[in-house]
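First up is the structure itself, then whatever we jot down about it.
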Number of protein chains: 2
Amino acid sequence: MTQVHCTRAQTAVLQVLQQQREPISAQALYTLIKQQQRIGLATVYRALDALKRMGQVQHRVTLTGETLYNAVEQDRHYMTCLDCGQSFPLNTCPLKGLELSLKHSSSFTIYYHTLEFFGLCEPCSVQGG
Amino acid sequence: MTQVHCTRAQTAVLQVLQQQREPISAQALYTLIKQQQRIGLATVYRALDALKRMGQVQHRVTLTGETLYNAVEQDRHYMTCLDCGQSFPLNTCPLKGLELSLKHSSSFTIYYHTLEFFGLCEPCSVQGG
DNA sequence: CCTAGAAATGATAATCATTATCATGACGGG
DNA sequence: CCCGTCATGATAATGATTATCATTTCTAGG
């Protein structure tokens, strides 16, 4: 991974993200970091953008349009119910191994991937989503 | 798929999306539909939201933050370069079959999935992204 | 057909996340 | 110690999305 140099803000953002169990919003990130050091909201976004391009951070957009960020190493994926909107984490990545073979068959250098399933969770499909 | 009843707007949105080769923005969709019928931007968003919940439409967010929509049936995925931002479509879905087995091992009813790879395309990785 | 109630629509205003701007502060090299 | 460069914070600006509300369309009875 192209990890070279991190600014103070980038370090703080990445560290806080790594402490989270679930992806969080930029606003939440801002609030958390502010408890420890002086930081501006714009700087949070700048750091997120830089970290994304370094392949350290990824984001996903929920059904309701919220953008959530998380540290890449977690490799966590979800099944999201189109009816109630709840997201259920997978405990293992279905692509394990597959990504590896892709790495060899293509000239594209893969850092990470995003994967999300959409459909109906059991309760919603029972009540006739 | 829970396809029951479509309003005029939903029909127009879905039809135009199905004609597209690539995902497009809500604004572009609005412009295209307006050439054929009177429609409001808010209605486009409402239709997109409804179609998403019907499992007919999905969206993805580019590196630059643009939200793009496409009809679900295309099952199209991308490799996106973290350096230049370009997206390269995969010609086949790496999850083919895998999703099927997931369907049986879980009580979650899967309609579709999103999948995207991030890393460096060859030119960018050569010049030392 | 005609009509009342419900749902959909269009136009516009309001919201809110993200980005641009710009003056200030930190930092490394000479 | 000073200069140039880059990072930062505060705030204004932007732009996509959502809420509002009056109007139109649709549907089910009658």
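In what follows, chains are A, B, ... by sequence order, proteins preceding strands, each numbered from 1.
For B/Ala9, the side-chain atoms get nearest to C/dT9 when compared with the rest of C/dG10, D/dT8, C/dT9.
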Report summary line: With B for base contact, S for sugar-phosphate-only contact and - for none (protein heavy atoms under 4.0 Å), nucleotides 16-22 of chain C reads -SBBBB-

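Between D/dA10 and A/Arg38, a contact under 4.0 Å exists linking OP1 or OP2 to a side-chain N or O.
Hydrophobic cluster membership for A/Leu68: none, as no Ile, Leu, Val, Met, Phe, Trp or Tyr side chain comes under 4.5 Å of it.
In this entry the distance linking CZ of B/Arg8 with C1' of C/dA7 reads 13 Å, nearest Å. One can place CD1 of A/Ile39 at 15 Å from C1' of C/dG25, the figure rounded to the nearest angstrom. Rounded to whole Å, atom P of D/dT25 lies 18 Å from atom CD of B/Gln10. Whole-Å rounding puts the A/Gln37 CD to C/dG25 C1' distance at 15 Å.
Comparing the helix axis at one end of the helix from C/dC1-D/dG30 to C/dG30-D/dC1 with that at the other, each defined from 5 consecutive pairs, gives an inter-axis angle of 30° (nearest 10°).
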Donor-acceptor pairs under 3.5 Å, side chain of residues 32-42 of chain B to any protein atom, not counting sequence neighbours: which ones?
from, atom 1, to, atom 2, distance (Å)
B/Lys34, NZ, B/Tyr30, OH, 2.9

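The side-chain hydrogen bond (donor to acceptor under 3.5 Å, both in side chains) check on B/Thr64 picks up B/Thr62, with sequence neighbours excluded. For B/Gln10, the side-chain hydrogen bond (donor to acceptor under 3.5 Å, both in side chains) test picks out no residue, with sequence neighbours left out. For B/Thr114, the side-chain hydrogen bond (donor to acceptor under 3.5 Å, both in side chains) criterion is met by no residue, not counting sequence neighbours. Residues that satisfy the salt bridge (charged side-chain N to carboxylate O under 4.0 Å, His left out) test with B/Arg46, not counting sequence neighbours, are absent from this structure. Residues satisfying the side chain to side chain contact (heavy atoms under 4.5 Å, CB included) test with A/Thr67, not counting sequence neighbours, are A/His59, A/Val61, A/Tyr69.
Residue A/Thr7 is in sugar-phosphate contact alone, with no base atom involved, counting any heavy-atom pair closer than 4.0 Å across all strands shown.
For an aromatic pair to be called close, the ring centres must be under 6.0 Å apart, and B/Phe118 with A/Tyr112 satisfies this.
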